[in-house]
There are 2 protein chains.
Amino acid sequence: MDTRYSSRMTFDFQREAPCPISQLLELVGDRWSLLIIRDAFYGVRRFDGFQKHLGISKKVLTMRLNMLVQAEIFKKELYQQQPDRYEYRLTSKGRELFPVLLTMMRWGNRWLTPAGQETVQLLHASCGEKIEPKLVCSHCEQPVTPARVQAMPGPGASREAVQLLRQIVSKSGKKSVL
Amino acid sequence: MDTRYSSRMTFDFQREAPCPISQLLELVGDRWSLLIIRDAFYGVRRFDGFQKHLGISKKVLTMRLNMLVQAEIFKKELYQQQPDRYEYRLTSKGRELFPVLLTMMRWGNRWLTPAGQETVQLLHASCGEKIEPKLVCSHCEQPVTPARVQAMPGPGASREAVQLLRQIVSKSGKKSVL
DNA sequence: TAATATAAGTCTCCTTAGGGAACTAAATCA
DNA sequence: TGATTTAGTTCCCTAAGGAGACTTATATTA
């Protein structure tokens, strides 16, 4: 069986050296991966658990778990012998997807769930309040908003990407964000 | 033509009242939506621009843009008459996806791009430094990490969801996160 | 004036990702 | 002894998505 996660997508205007968002999405931007990872944060660790909670087909779950292990987002850990059985645990690479899922949850609760009908609430152990996460800059501690963010071609940008970024910035006549 | 975005997925163990993350993913969790929105943050506004930058097929782009307009993530604005032509602009609902894309970009740069080969760099206008966003709690200003977050069933949680959350928490023997 | 280009799609054909259900294997339970 | 649990594999079918030709109305160029 081929366990690689193949894709024909071009996915990106920065062809040779793709944008980090499209790299992330190429890895976990399918229908299920982020939900599997979400369940892992909830404490689910075994094939059966993921399968029952998500309602995903076993075939696709097998493929996704293999891919996520290969991507070092999960690691397999033996929890039983004869027959050998493994649990799937998040690595630090996987655990660092927490901010992505948290900001997604925040947006979902704010824009998709009728007020007062949230299915999950997160409490912050530090203060006991309902969590309303906000993004701040590690350097100056000030909030990070689209208007305060300026995108520049990085060291790995292709000539093509640099041109396109410039073009976009000059066309829109304002700072480009992201 | 049917412009609705249909899906057969069960997608969720909280069947009747799904988790905000799965709600978000059901809306923008396909191969393209988040990349279209990313391009909008870069300043792209027109059908042609999205199509050229992304390499997406026109058919799917049409479907996605219609869906995103219906979801009020984009709004159409007339920029020319005879024939009528529209631009696609982010609404505030769409603009508030910024933290999601920013944390994605952060993770992609950290875990998928070789150090020093980033294709995009973000500068913070407030301090001029490269942005390293971090999540803090709006109430106590302390960092929000998986270990400091406790998930509770919200007011809209189904009985089924409450049971599952309890079960997960008691099984894993530790605080559940997310 | 004729030909080409632009912008924003629509239509047709084809490939492939993913769902459903049945089957497998090894051990344990009743 | 037969059912159950856990973790898959295999087969068949449907539907999402890609490629590319066609459309419509205007503007530009040779």
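Below, read A as the first sequence line, B as the second, and so on, with proteins coming before strands; counting in each chain starts at 1.
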D:dG18 C1' sits how many Å from B:Arg64 CZ, rounded?
13 Å

Between D:dA16 (P) and B:Leu61 (CG): distance, integer Å:
17 Å

Send over the distance from A:Met63 CE to D:dT10 C1', rounded to a whole Å.
13 Å

Give every pair of a protein N or O atom and an N or O atom of nucleotides 4-9 of chain C that lie under 3.5 Å apart, one pair per line with the distance.
| unit_1 | atom_1 | unit_2 | atom_2 | d |
| --- | --- | --- | --- | --- |
| C:dA7 | OP2 | B:Asp48 | OD2 | 3.0 |
| C:dA7 | O4' | B:Arg85 | NH1 | 3.1 |
| C:dA7 | O3' | B:Tyr79 | OH | 3.0 |
| C:dA7 | N3 | B:Arg85 | NH2 | 2.7 |
| C:dA8 | OP1 | B:Tyr79 | OH | 2.6 |
| C:dA8 | OP2 | B:Asp48 | N | 3.2 |
| C:dG9 | OP2 | B:Tyr88 | OH | 2.9 |
| C:dG9 | N7 | B:Lys58 | NZ | 3.3 |
| C:dG9 | O6 | B:Lys58 | NZ | 3.0 |

Take atom CD of A:Gln81 and atom C1' of C:dA25, then tell me their distance rounded to the nearest Å.
17 Å

Can you list, pair by pair, the side-chain donor-acceptor contacts under 3.5 Å of residues 78-86 of chain B, counting residues two or more places apart and other chains?
| unit_1 | atom_1 | unit_2 | atom_2 | d |
| --- | --- | --- | --- | --- |
| B:Gln80 | NE2 | B:Pro83 | O | 3.2 |

Sequence neighbours excluded, the answer for side-chain hydrogen bond (donor to acceptor under 3.5 Å, both in side chains) partners of A:Trp107 is none

Using a cut-off of strictly less than 4.0 Å, decide whether A:Arg31 has a side-chain nitrogen or oxygen near OP1 or OP2 of C:dG19.
no

Going by atom type alone, with no hydrogens or angles, which donor-acceptor pairs under 3.5 Å involve a side-chain atom of residues 131-138 of chain A and a protein atom two or more places apart or on another chain?
| unit_1 | atom_1 | unit_2 | atom_2 | d |
| --- | --- | --- | --- | --- |
| A:Lys134 | NZ | B:Glu141 | OE1 | 3.4 |
| A:Lys134 | NZ | B:Glu141 | OE2 | 3.0 |
| A:Ser138 | OG | B:Glu132 | O | 2.3 |

Could you state the CG-P distance from B:Leu35 to D:dG17, rounded to the nearest angstrom?
13 Å

Is A:Lys59 side chain donor-acceptor paired with the D:dG8 base, going by distance under 3.5 Å alone?
no

note: A:Met67, atom CE; C:dA17, atom C1'; distance rounded to Å ~ 13 Å

Using modelled atom types only, decide if a donor and an acceptor are shared between the side chain of A:Ser22 and the backbone of A:Cys19 within a distance under 3.5 Å.
yes

According to side-chain hydrogen bond (donor to acceptor under 3.5 Å, both in side chains), who are the partners of A:Glu77, at least two apart in sequence or on a separate chain?
none

Could you work out, with salt bridge (charged side-chain N to carboxylate O under 4.0 Å, His left out) as the rule, every residue matching A:Glu72, not counting sequence neighbours?
none

Result for 5'-nearest mapping on DNA chain C, choosing between A:Ser57 and A:Pro83, is A:Ser57

